[in-house]
Every structure is written in structure tokens, then in C-alpha cells.
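In this text the structure is predicted, and so the values were computed from the model without any measurement.
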Amino acid sequence: MFNASCAFLPSSFGMAMMAFSMSAYLQEKWFLAILCTAISALLGWPFTAILGFPIVVEMLLIRYRHLAFKFITYSAICGAVTI
């Protein structure tokens with residue numbers, strides 16, 4: 001992370017945004033986690049979208065009844081805002 005943080009590359013931007021995303025995910029701030037993942041994938045490096053997989057698993061497979069509608073809604077809003 002030290003080498004990537006000082007480089008001005010899409011991968012370093014993706015690393016920083018995914019660090020924010022995972023931080024929000026661990027605090028269960030779902031909208032911020034999805035927003036940071038969308039910004040990282042759509043504006044930075046598209047391959048960082050795979051790092052959002054734990055969020056998808058948590059929201060759609062583990063807590064399906066409570067978070068599935070939130071995931072679809074938040075994903076649509078974050079994708080539209082980012083694009």
C-alpha cells in the first residue's frame with residue numbers, strides 16, 4: 001500500500017476508494033460502501049469492482065430479507081450519480 005499510495009495511477013485511486021468502501025462496509029454504512037465501490041470502478045479502475053463482492057454477498061445472500069431492496073436501490077442511485 002505504501003508504494004501504491006504515492007503513485008498517481010488508476011490503481012492507487014482504486015486502492016484508496018476501496019479502503020473507504022471496506023471501512024464503510026465494516027461499519028454497515030451500506031450507501032457509502034456502494035458509492036465508494038461505484039466511484040472506484042466507474043471513474044478509476046474497472047477491475048476494482050470485483051473487490052465489492054463481499055458487499056454483494058452480505059447484502060444479497062446473507063441478509064437477503066433485510067437488505068436486498070436497499071442494495072438494488074442504492075446501486076441504481078450510486079451508478080446514476082457516478083455516471
Side-chain angles (χ1 to χ4, degrees):
M1 288 182 69
F2 177 76
N3 290 335
S5 65
C6 61
F8 188 65
L9 297 169
S11 58
S12 63
F13 174 74
M15 178 198 65
M17 292 307 295
M18 289 311 298
F20 292 143
S21 176
M22 289 297 121
S23 172
Y25 166 66
L26 291 174
Q27 297 175 12
E28 294 186 359
K29 296 180 180 178
W30 304 114
F31 184 77
L32 186 59
I34 293 171
L35 179 65
C36 290
T37 303
I39 290 172
S40 174
L42 296 174
L43 296 180
W45 204 38
F47 301 108
T48 59
I50 195 69
L51 296 175
F53 190 67
I55 299 168
V56 174
V57 169
E58 177 83 25
M59 293 184 83
L60 292 181
L61 297 179
I62 296 174
R63 298 188 194 178
Y64 178 76
R65 290 185 180 173
H66 303 290
L67 298 174
F69 182 71
K70 281 186 181 181
F71 178 77
I72 294 168
T73 306
Y74 289 169
S75 296
I77 292 170
C78 292
V81 167
T82 306
I83 289 177

Check your understanding: Same hydrophobic cluster for F53 and L61, using side-chain heavy-atom links shorter than 4.5 Å among ILVMFWY?
Key -> yes
Exercise for review: Please round to the nearest 0.5 Å and tell me the distance separating atom CE of M59 and atom CH2 of W30.
Suggested key: 5.5 Å
Review point. Can you name the nearest heavy-atom pair linking G44 to P46, along with the distance?
Key: O-CD, 3.9 Å
Practice item. Determine whether F20 and L42 fall in the same hydrophobic cluster, where Ile, Leu, Val, Met, Phe, Trp and Tyr are linked whenever their side-chain heavy atoms lie under 4.5 Å apart. Key: no
Practice item. Spell out, yes or no, whether Y25 and V56 are grouped together once hydrophobic residues are joined by side-chain heavy atoms under 4.5 Å, including indirect joins. Key: yes
Point to revise | Sequence neighbours excluded, every pair satisfying salt bridge (charged side-chain N to carboxylate O under 4.0 Å, His left out) that has a member inside residues 15-40 | key: E28-R63
Review point. Got a second to check how far F71's CZ is from C78's SG, nearest 0.5 Å?
Key: 10.0 Å
Check your understanding: Roughly how far, to the nearest 0.5 Å, is CD1 of I83 from CG of L43?
Key -> 9.0 Å
Exercise for review: Indicate yes or no: at least one non-hydrogen side-chain atom of T82 is less than 4.5 angstrom from one of L35.
Suggested key: yes
Practice item. List for me each residue that meets ring-ring contact (aromatic ring centres under 6.0 Å, His included) alongside Y74, sequence neighbours excluded, and say none if there are none. Key: F31
Review point. With a 4.5 Å heavy-atom cut-off, do M15 and T48 have their side chains touching?
Key: no
Revision key, fill the gap. Rounding to 0.5 Å, atoms OG (S40) and CG (L51) come to a distance of 7.5 Å
Practice item. State plainly whether one hydrophobic cluster holds both I34 and V81, where clusters connect Ile, Leu, Val, Met, Phe, Trp and Tyr through side-chain heavy atoms under 4.5 angstrom apart. Key: yes
Point to revise | Hphob cluster co-occupancy, V57 + I50, side-chain heavy atoms under 4.5 angstrom | key: no
Review point. Quick one: are M17 and T37 in side-chain contact, heavy atoms under 4.5 Å?
Key: no
Check your understanding: With sequence neighbours excluded, what pairs up with F47 under the ring-ring contact (aromatic ring centres under 6.0 Å, His included) test?
Key -> W45
Exercise for review: Find the distance between OG (S23) and CG (L32) and round it off to the nearest 0.5 Å.
Suggested key: 8.0 Å
